Amino acid sequence: MSEPDWYEDATIYSLDVKTFNDGDGDGWGDFRGAIERLDYLDELGVDALWIRPFYPSPLRDNGYDVADYYGVDDRLGSLADFREFADRAHERGIRVITDLVFNHTSNEHEWFRRAREDPESEYHDYYLWTSHLADAHQRGNIFPEYEDGVWSYDEVADKHYFHQFYGHQPDLNVANPAVREELYDVLRFWLDRGADGFRIDAAHPMLMPKGHDATTLDETDLGDPIELFKEMRRVVEAEQSDAVLLAEADDEPEHLDYYFGDGEAFHLQFNFVMNAHLTYAVGVKDTWPLQRAEEVLPDVSGVGTWVNFLRNHDEWNLLKLPEEAFEHARGYFGDDDGDSWIFERGHRLRLADLYDGDPGRIAVAHSLLFSLPGSVALQSGDEIGMGADLSLPEREAVRTPMQWDDSPNGGFSTAAPEECYNPAVDEGPSAYDRVNVAAQRGDPDSLLSRVEALVAARDACPEIARGDYRALETDHKETRVHRFEHDGTVLLCAHNLADGYREEVVGFDVDPDTVEHVVGDGEHHVAEGGVTVELDACDYAWLRGEKR
Ligand code: NOJ
């Protein structure tokens, strides 16, 4: 399967083993259960899976609090199950990207236990400590609703330790060469067991200046910070030449190209700027946010690849919107009680909730997503329009079990509902008896079929990842047409975000006899040098022809 450039044009499906499919009936999803659903993922047409953390963990942050980087939580399976899952995925041509959390560990990790118990131990320097809180480096905590700051007192060590997320997630001192060696070993370990790459959690916080030890209180000296990521890439590529690193770096737009390290650090990076703007644009039925995102984003061609997405397993973070739009989005998309707003920055709602469950709007959002340059990440369950359960705490609201059919627990598990890791959504418009895979499969008009068609269309259109790209002028603020040119073909992707009909006439410099309608319900009429696209509410149309 060696293909060095595969990641430049990939559809990556994000899933949490715990909530995907339960193979042994204990109420927790597991690798054996996930293996049974690989045919579904194959049919959907995805190129890679991003498997969220599955390591032993106290699960106080959904597994992003790792207690052992070398194991599998035994409720989810074993190392052998992971291996088999990766092998079965590979047989289908699907790669496996695992999630690695290197900014911090759980406070239950053996390293932290030894670090706090013995200040002389080599593990003490795996973390960041101070005895002089008043002078210590300060910054805001990333979970401001739950944590007052970035230092918490540890009774055993009788010092404060540094943490940018929850207090139970002490930051690793990644400036320490011994810590770096540990991280490289973890990368090698999972590549040896079938992983094809890694999503590196919290890459931005990893590089932030941090308080150092009690005596100097200097900022931790990371050297040239990007060197850490470059070395990680060297380690990964030495092991497997087409393995990838994907950054979760929710940084300011002007700093984002930094993470690609001129083509020597991360291969891929989530595009949080586009995420906020794209999902917002479709919701407010206006295309200005797309133009704005493209204006503020750096040009990364030749150095790295964006991974665009509509939603993920966290809150829908709106901080990248301009202030007025941020304020607007807070009320426009929220639930009536304000329960969905979290961390002073976003909504714990799923994509379908943001668009009032309208399959047409969800589909046109996917068409835009798939027609942007870069790779794509899909959030498990969004392809069928699953909704959130706001009665669950914090971001668990968007982490309910995958809805496979209308049997108990949505076909996720045969256990009693109260045994399930999270309960399946069984009430309201997105309950599993209404929204599920079985009901949508085979129905050509279903959301699932439409998303499947877009994955296939994207595969058939190398223009998107490789071609020259530009947005065309349109007559309506609700319509977006962009154009790609590659290897003698021109591809137009037209979208209507309005609630009603819109028509656009745009240039299309192709031989009319070669025009092919790739995907979408919109109609078109080709005339000399141009094309008229007729789009009903939320319609899209991708048209391709040979350049004259
Ligand atoms: C980002 C992850 O996506 C999120 O779920 C987690 O809480 C934080 N990083 C901390 O690891």
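Treat the numbers as computed from the prediction; the structure is a model and nothing was measured. All ligand and atom numbering here is 1-based and tracks the order in the structure. Residue indices begin at 1 and follow the sequence shown.
Applying the side chain to side chain donor-acceptor pair (under 3.5 Å) test to N436 and every residue at least two apart in sequence or in another chain returns nothing. Partners of D335 under the side-chain contact (heavy atoms from CB on, under 4.5 Å) rule, at least two apart in sequence or in another chain, are D337, D339, S340, L390. For R458, the side chain to side chain donor-acceptor pair (under 3.5 Å) partners at least two apart in sequence or on another chain are D9.
Looking at N308 and N271, their side chains do bring a donor and an acceptor atom within 3.5 Å of each other.
Of the possible donor and acceptor atoms, none in the side chain of W316 sits under 3.5 Å from a partner among the backbone N and O of R350.
No cation-pi contact links K320 to F272, judged by a cut-off of 6.0 Å to the six-membered ring centre and 45° from its axis.
Near ligand 1, heavy-atom contacts under 4.0 Å come from D61, Y64, H104, F143, F165, R199, D201, E248, H313, D314, R395, R399.
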